[in-house]
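These numbers were taken from a predicted model, which means no experiment stands behind them. Atom set for the values below is all heavy atoms of this structure, side chains included, hydrogens, waters and symmetry mates excluded.
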Amino acid sequence: MTDKFDFIREDTAALKEAGLFIHLRTIESPPGSWMVVDGKKVLNLCTNNYLGLATHPRLVEAAHEALDRLGVGPTAVRSIAGTLSLHVELERKVAEFKGVEDALYVQSGFCANQAAIPPLVGKEDVIFSDRLNHASIIDGCRLSRAKIIVYEHCDPTDLEAKVKEHLSDYRRGIVITDGVFSMDGDVAPLDGIYEVAERYGLMTMVDDAHGEGVLGHGGRGIVDHFGLHGKFDVEIGTFSKAFGVVGGVIAGKKIVVDYLRQKARPFLFSNAVTATDTAACLAAVEVLSESTELVDRLWENTRYFKEEMKKLGFDTGASVTPITPVMLGEAKLAQAFSRRLFEEGVFAMAIGFPTVPRGQARIRVMVSAMLSRDDLDYGLEKFALVGKELGVIEA
Ligand SMILES: *Cc1c(COP(=O)(O)O)cnc(C)c1O
């Protein structure tokens, strides 16, 4: 007997066989340096809470105040009756922080890519996209129905070759890149990409989800890191990572951001973000605007952890940021490694296909400012133990 859901059963069995089936772990504590995960207290090398802002007293207090004053939901889309003064204030503050003309706050980073790309390019246009761009960029590109031409990862020379070959077949073009690549922790050569885009009159967009709060002066992001203020037309961001809350941002040139207020479908057709979240985001931007202390500590921890991992003999790939991939190859090995770490009290997830290419499975360590030297040493000791046990490094 066949059943209409046999395809699901077969596909699920194949995922399990390949070590790619996702098991959801359940979290019962805040995302601090130590967390309670599936009932067990473990060292947190896993969340995107780079700076510890998710539990920062100023963010929590701001959220409480907004909740008490404004209630739980705005109950309208931004363009009808959902635009709170908090949204407007956040957009102004985040634009100032990032050194751009304007910013639009949307529901998530994922949404920001869906919102920003389709209004800028359509069927007659072309998108030049880095081979390893984030899934939300890829989906935003597909939604636009523009032709997508992939250039080699972080390779402005290949970008230029592709632009030369294809641009004249289309009405207009845009180049889109991740800033910090979320699974490898390497950084896009933004200066080289900008030069090519300028030469050929392309629009430019960078997704800074893992750069904000991390790169640049006091966490002002990848554009600040390269000193390219005001050059990129669109800078996508998220409040869900270093900022510790939730929500997305489309920052950049005023002419573009204003146009997106008219055209972006997630902005026009999906409810505004809550006052509670917005107030917490606003407090996060204020905390980062006032001091570089948390970002400095993040980088101190990052340098220490990476150096010690290399000394142990681990391959941490091309990363130059707190995202530290521990390259293992086969997905099954990565899953076994993650499971053993967990038994030893360390929470670090295995990442496999389709999040990374086949045969490049890894453990992805997220270093944060929350970790003490003792915490880092604990993690390193357990990596050494499991690495030797599974034959990844020499005993
Ligand atoms: C995480 C991430 C997103 C999604 O952000 P959310 O706010 O979680 O939806 C988008 N782009 C990139 C590059 C990311 O790493």
Side-chain angles (χ1 to χ4, degrees), residues 8 11 15 20 22 24 48 77-78 103-154 159 162 166 170-184 186 188 193 202-212 222 232-241 246-252 256-257 259-273 323 349 351-358 360 364:
I8 294 181
D11 198 35
L15 287 174
L20 296 171
I22 297 165
L24 297 183
N48 299 319
V77 299
R78 288 282 307 270
L104 182 63
Y105 181 48
V106 294
Q107 298 89 341
S108 71
F110 197 100
C111 246
N113 280 313
Q114 319 283 291
I117 301 170
L120 299 178
V121 281
K123 273 202 299 259
E124 298 159 78
D125 306 317
V126 58
I127 298 168
F128 299 96
S129 175
D130 185 287
R131 181 170 293 289
L132 295 187
N133 273 349
H134 189 262
S136 62
I137 299 177
I138 296 169
D139 287 6
C141 291
R142 287 179 181 156
L143 265 181
S144 77
R145 293 149 83 201
K147 174 74 179 171
I148 301 163
I149 292 182
V150 170
Y151 64 90
E152 292 309 322
H153 179 54
C154 287
L159 168 63
K162 298 263 158 73
H166 298 286
Y170 299 91
R171 184 177 58 176
R172 59 173 175 265
I174 185 168
V175 54
I176 307 181
T177 183
D178 249 341
V180 176
F181 288 83
S182 54
M183 294 300 140
D184 293 271
D186 54 342
I193 290 168
L202 297 173
M203 293 182 282
T204 48
M205 174 168 155
V206 58
D207 183 338
D208 202 19
H210 281 280
E212 289 163 328
I222 189 170
F232 268 69
D233 301 322
V234 182
E235 299 176 31
I236 298 295
T238 176
F239 286 96
S240 71
K241 289 175 176 141
V246 73
V249 64
I250 306 164
V256 179
V257 177
Y259 185 59
L260 295 179
R261 284 193 179 94
Q262 305 300 316
K263 295 281 182 176
R265 291 169 71 85
F267 179 79
L268 299 173
F269 296 105
S270 180
N271 200 78
V273 184
I323 298 170
M349 284 297 260
I351 312 269
F353 183 81
T355 311
V356 296
R358 285 187 201 279
Q360 294 185 30
R364 175 173 172 257

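A distance of 11.0 Å separates OG in S136 from CG in L143, rounded to the nearest 0.5 Å. Residue F267 holds its CZ atom at 12.0 Å from SG of C111, rounded to the nearest 0.5 Å. Here I137 contributes atom CD1 and Q114 contributes atom CD; the two are 10.5 Å apart, rounded to the nearest 0.5 Å. Of the inter-residue distances, the one linking Y170 atom OH with D125 atom CG reads 10.0 Å to the nearest 0.5 angstrom. The OG atom of S129 sits 12.5 Å away from the NZ atom of K147 when rounded to the nearest 0.5 Å. Between E212 atom CD and I236 atom CD1 the span is 9.5 Å, to the nearest 0.5 Å.
Side-chain atoms of R364 come within 3.5 Å of backbone N or O of S182 as a donor-acceptor pair. In this structure a side-chain-to-backbone donor-acceptor pair under 3.5 Å is present from R172 to L120. Not one N or O on the side chain of D208 forms a donor-acceptor pair closer than 3.5 Å with the backbone of G237. Not a single donor-acceptor pair under 3.5 Å links the side chain of D233 to the backbone N or O of V256. Q107 contributes a side-chain N or O that, together with a main-chain N or O of S270, makes up a donor-acceptor pair within less than 3.5 Å.
Contact annotation: the side chain of Y151 approaches that of V175 to within less than 4.5 Å [non-hydrogen atoms, C-beta and beyond]. Looking only at side-chain heavy atoms (C-beta outward), P266 and V106 stay at 4.5 Å or farther from each other. Put simply, the side chain of I22 reaches to within 4.5 Å of the side chain of L24, judged on heavy atoms. Side-chain contact check for N133 versus F181: some heavy-atom pair is nearer than 4.5 Å. Between V234 and T204 there is no side-chain heavy-atom pair separated by less than 4.5 Å. Side-chain contact between F239 and S108: absent, with no pair of heavy atoms (C-beta onward) separated by less than 4.5 Å. In this structure, V150 and K162 have side chains that are not in contact, with every pair of non-hydrogen atoms separated by 4.5 Å or more. A 4.5 Å side-chain heavy-atom check between I149 and I127 finds every atom pair outside the cut-off.
Between F353 and R358, the closest heavy-atom pair is CE2-NH2, 3.2 Å. Taking every heavy atom of both residues into account, P118 and S144 meet most closely at CA-CB, 3.7 Å. Considering every non-hydrogen atom in both C141 and I148, the closest pair reads CB-CD1, 3.6 Å. Summarising the geometry of A103 relative to V249, their closest heavy-atom pair is CB-CG2, 3.9 Å, with the distance given to 0.1 Å. When all heavy atoms of A115 and L260 are compared, the closest pair comes out as O-CD2, 4.0 Å.
A side chain to side chain contact (heavy atoms under 4.5 Å, CB included) with D184 is found for exactly one of D178, I323, L132, namely L132.
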- request: Walk me through it: do D186 and H153 pass the test side chain to side chain donor-acceptor pair (under 3.5 Å)?
  value: CA-CA 10 Å; D186 54 342; H153 179 54; 2.6 Å; yes
- request: Give the C-alpha distance, both sets of side-chain angles, the deciding distance and a yes or no for side-chain contact (heavy atoms from CB on, under 4.5 Å) between R261 and L268.
  value: CA-CA 8 Å; R261 284 193 179 94; L268 299 173; over 6 Å; no
task: Start with the C-alpha gap between V273 and Y105, add the side-chain angles, then the distance that decides, and say whether side-chain contact (heavy atoms from CB on, under 4.5 Å) holds.
output: CA-CA 8 Å; V273 184; Y105 181 48; 3.3 Å; yes
task: In sequence, state the C-alpha distance, the side-chain angles, and the governing distance for H210 and T238, and then conclude on side-chain contact (heavy atoms from CB on, under 4.5 Å).
output: CA-CA 8 Å; H210 281 280; T238 176; over 6 Å; no
- request: Verify side-chain contact (heavy atoms from CB on, under 4.5 Å) between I222 and V206, making sure each step is shown before the conclusion.
  value: CA-CA 9 Å; I222 189 170; V206 58; 4.0 Å; yes
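Residue R265 qualifies as open at atom CZ: its count of foreign heavy atoms under 6.0 Å is 12 or below.
A side-chain donor from one of N113 and D207 sits under 3.5 Å from a side-chain acceptor of the other.
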